[in-house]
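In this chain, residues are counted from 1 in sequence order.
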Amino acid sequence: MAATAMEHDGGGEVVTPGELLGNSSSLLAGRGAYAEGRSVRGSVTGHRRLVPPPPGSTDQRFTVEVVGHKAHGAVPQPGSVVIARVTKVMARMASADIMCVDSKAVKEKFTGTIRQQDVRATEIDKVDMYQSYRPGDIVKALVLSLGDARAYYLSTAKNELGVVSAQSITGGTLVPISWTEMQCELTGQIEQRKVAKVE
C-alpha cells in the first residue's frame, strides 16, 4: 500500500501524469505533483511517495511526491513557459514535444497540444492552424493544464508567445517581419506563422 510506503523511494504504486493522487484538503503537492482545484495529480511517471509533515509544523497534511526512476529534470506545470518543437499540425490542433521548461531542459518526454482556441487571443474563430505552425517550428508557449492522453494543453495567445524559430519550405531560416509573417533569408518568400514578439 502506498500509505505505508512512507519513506520508500519507489515503494509506492506507479502513477502516470495526470493521475489523481488525492485531495488537496489532506495532501500537499510535492515534487512530481501539482494541485488542480481540489485535486492533487501526478505530473511525471514514477512511484507515489508520502512524506510526513515536519515536526512542529502547523500544517499537518502529508506531502505526496512522485519519484521517477530517472534523475529529476524540469517538469511542466500549469503556468510554466515552455519551448517546444511542433511535430504535427492538424485542422484543429497542433502537437509538440516539450524541450525546455522555464529555461531548463527536460529529461523525460512530455507532449504538448495547442488547440485552435489557444493559438491567439483575438479572432479565435478565424485561426488557421496551417498558417500558424508547421512541423519543425520551435514555439514558446504557456502551459495551461494537463490535458488528455498525457499531453499538456499549451497556449500561444500572448504577444510574446508563438513561433520563435522556423525553417522555410526550402530549408532557409525564417525571419519574423510581422505578427503573422516570416520571411525566408534564402529566397525572400513569405510564410504565415503565429509569430512570437521578439524581446
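Shown here for A166 and D137, the closest heavy-atom pair between the two residues is CB-OD1, 3.3 Å. Among all heavy-atom pairs drawn from N159 and K194, the shortest one is O-NZ, 4.3 Å.
Taken to the nearest 0.5 Å, the CG atom of L27 stands 6.0 Å off from the CG atom of L50. Here the CG-CD distance, from L186 to Q167, works out to 9.5 Å after rounding to the nearest 0.5 Å. Note that CG of D97 is 5.5 Å distant from OG1 of T111, once rounded to the nearest 0.5 Å. Interatomic distance, CZ of R115 versus CD1 of I124, reported as 11.0 Å (0.5 Å rounding). Here the straight-line distance linking atom OG of S39 with atom CG of L20 works out to 5.0 Å at 0.5 Å rounding. Remark: D125 CG to Q117 CD distance equals 11.5 Å, nearest 0.5 Å.
A donor-acceptor pair shorter than 3.5 Å can be found between the side chains of Y133 and T156.
In terms of the side-chain hydrogen bond (donor to acceptor under 3.5 Å, both in side chains) criterion, Y34 has no residue partners (sequence neighbours excluded).
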I'd like to know whether R193 forms a side chain to side chain contact (heavy atoms under 4.5 Å, CB included) with R134, so could you lay out the CA-CA distance, the side-chain angles of the two residues, the decisive distance to 0.1 Å, and finally the verdict. CA-CA 8 Å; R193 292 292 198 283; R134 294 274 175 84; 3.4 Å; yes
Could you walk me through whether H47 and R49 satisfy the side chain to side chain contact (heavy atoms under 4.5 Å, CB included) test, starting with their C-alpha distance in whole Å, then the side-chain angles of each, then the deciding distance to 0.1 Å, before giving a yes or no? CA-CA 6 Å; H47 296 277; R49 184 172 78 154; over 6 Å; no
Please report the C-alpha distance between V119 and I114 in whole Å, then the side-chain angles of each, then the deciding distance to 0.1 Å, and finally whether the side chain to side chain contact (heavy atoms under 4.5 Å, CB included) criterion is met. CA-CA 7 Å; V119 171; I114 305 170; 4.1 Å; yes
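Within the 4.5 Å cutoff, the side chain of V139 has no heavy atoms near those of the I83 side chain. L174 is not listed as a side-chain neighbour of V163, based on a closest heavy-atom distance of 4.5 Å or more.
Applying the side-chain hydrogen bond (donor to acceptor under 3.5 Å, both in side chains) test to every pair with at least one member in residues 51-62, sequence neighbours left out, gives these pairs: D59-R61.
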